[in-house]
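Start at 1 with the first residue, then count along the sequence. Side-chain atoms are counted along with the backbone in the values below, which use heavy atoms only and exclude waters and symmetry mates.
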Amino acid sequence: MRSGSRPVTDLSPAPPKPCTGQDDGAVAAGERAAVRARLWERLAQWMFIVPAAAYLLLFFGYPIFRNVVMSFQQYTTTTFYTGSAPFVGLRNYSAVLSSDLFSKALLTTVLFTAGSIIGQFVLGLAFALFFQRRFPLGGVLRSLLLLPWLLPLVVSGTTWKWMLDPDTGVVNAALRGLHLSSSGIPWLTGTSQALVSVILINIWVGIPFNTAILYGGLQDIPTHLYEAAKLDGAGPVTSFRHITWPLLRPVVSVVLLLGVVYTVKVLDIILVVTGGGPADATETIATQSYELSFQQFEFGRGAAMSNVLIVISLAFALVYLRAGRRARNV
């Protein structure tokens with residue numbers, strides 16, 4: 001080596017440092033921290049789920065369970081004093097299903113539900129399409145349209161009962177004033193008119209719900225599709241058929257399904273307006289279950305009738321959902 005020259009640097013790799021206990025402890029601590037973080041995350045998720053699940057079990061699951069148990073017992077007013085409710089098997093179901101009133105109540109329920117759903121949906125869709133256009137006071141009118149939906153059903157039923165009164169109601173008074181009817185129409189006392197009356201009232205109550213949901217669905221349809229269709233010469237009917245209806249179909253499915261579930265169990269309006277009469281013309285399965293339980297105090301039979309209503313609703317929901325799934329897969 002020459003004098004004054006720098007020593008050659010050793011470029012060989014340094015030997016690896018041996019692992020110490022501190023490094024192992026840091027890795028273990030990191031793993032424990034990650035496990036604790038996952039546990040806290042899972043706990044936070046359950047903190048959101050448990051209250052909702054407890055609410056459903058307490059206020060929905062337990063009443064349904066008790067209702068099913070009661071339907072197999074002879075549960076009457078004496079049960080409250082003696083605490084005894086003998087098990088009777090399917091006797092309650094046999095009694096309610098074999099009664100002459102059940103077949104009539106089932107037919108009335110079908111007619112009431114079908115008439116209400118058709119009227120609510122058609123008028124609700126018409127209002128939704130109407131309010132899709134921008135015009136002065138459109139927001140105010142949409143707000144006022146929600147009023148029938150916000151009112152308690154007892155209030156709505158009482159008001160319509162006064163309006164449709166055959167003698168003093170404003171509807172017959174208007175018909176007489178316009179010379180459309182000399183004696184008036186027995187809206188609530190005629191066996192054929194009473195069912196039509198409660199259907200019309202229920203349509204009036206349900207229009208805001210259908211309008212609000214369908215209007216929201218219309219807002220999600222891209223406007224450029226209508227602009228392109230207009231450039232191609234498509235009119236309003238063609239645009240509705242090929243753009244609005246196909247894209248609105250998922251919302252329509254939800255509206256119809258919820259409408260049937262809500263309508264098949266309507267009780268307030270019928271009880272307030274007609275009470276199931278005249279001559280059981282407006283007696284539905286829901287009102288019959290109420291009468292068996294709280295007027296005749298046959299709680300076991302009333303529970304059986306309400307379970308029949310639940311089964312009918314579930315059957316319709318399953319059939320409708322399966323039909324909708326097949327339509328989407330085609």
Side-chain angles (χ1 to χ4, degrees), residues 100-101 103-131 137 140-212 214 259-260 262-291 294-295:
D100 296 335
L101 188 58
S103 57
K104 186 176 182 179
L106 180 61
L107 177 61
T108 303
T109 302
V110 172
L111 295 176
F112 176 78
T113 303
S116 299
I117 294 301
I118 293 174
Q120 292 174 1
F121 177 76
V122 172
L123 294 177
L125 181 59
F127 278 114
L129 294 172
F130 174 75
F131 285 117
L137 300 179
V140 176
L141 292 178
R142 286 199 305 268
S143 302
L144 293 176
L145 187 65
L146 294 175
L147 186 61
W149 192 29
L150 298 176
L151 289 175
L153 293 179
V154 175
V155 175
S156 300
T158 304
T159 304
W160 275 102
K161 183 178 181 179
W162 168 74
M163 293 174 60
L164 295 177
D165 187 270
D167 300 323
T168 60
V170 296
V171 176
N172 277 345
L175 292 177
R176 296 189 192 97
L178 296 174
H179 302 287
L180 298 177
S181 176
S182 58
S183 58
I185 299 176
W187 296 104
L188 306 179
T189 56
T191 55
S192 58
Q193 292 87 350
L195 181 58
V196 175
S197 299
V198 293
I199 290 176
L200 292 176
I201 296 172
N202 196 54
I203 290 175
W204 178 81
V205 172
I207 287 176
F209 173 78
N210 286 259
T211 303
L214 294 173
V260 171
Y262 291 155
T263 305
V264 76
K265 62 182 181 62
V266 167
L267 178 67
D268 314 61
I269 294 176
I270 298 177
L271 287 182
V272 172
V273 177
T274 62
D280 300 325
T282 57
E283 189 79 28
T284 63
I285 296 180
T287 58
Q288 191 176 4
S289 174
Y290 173 84
E291 291 178 0
F294 301 105
Q295 292 184 358

Min side-chain heavy-atom separation [X]-[Y] under 4.5 Å:
X: Val155; Y: Pro152; value: yes
X: Ile207; Y: Pro148; value: no
X: Leu214; Y: Thr211; value: no
X: Asn210; Y: Leu125; value: no
X: Trp160; Y: Leu200; value: no

Ile269 versus Leu153, closest heavy-atom pair with distance: CD1-CD2, 4.2 Å
Sole candidate of Trp149, Trp204, Phe121 that passes ring-ring contact (aromatic ring centres under 6.0 Å, His included) when paired with Phe209: Trp149
So, does [X] use its side chain to make a donor-acceptor pair with the main chain of [Y] at under 3.5 Å?
X: Ser103; Y: Asp100; answer: yes
X: Ser197; Y: Trp187; answer: yes
X: Asn202; Y: Ser116; answer: no
X: Ser289; Y: Ile285; answer: no

Within 6.0 angstrom of Phe127 CZ, more than 12 heavy atoms from elsewhere: no
Side chain to side chain contact (heavy atoms under 4.5 Å, CB included) assessment of Val198 paired with Leu195: CA-CA 5 Å; Val198 293; Leu195 181 58; 4.1 Å; yes
Of all pairs that satisfy side-chain hydrogen bond (donor to acceptor under 3.5 Å, both in side chains), the ones with a partner from residues 264-284, not counting sequence neighbours: Thr274-Thr282, Glu283-Thr287, Thr284-Thr287
Within residues 161-171 or reaching into it, pairs that qualify as side-chain hydrogen bond (donor to acceptor under 3.5 Å, both in side chains) - sequence neighbours excluded: Asp165-Thr168
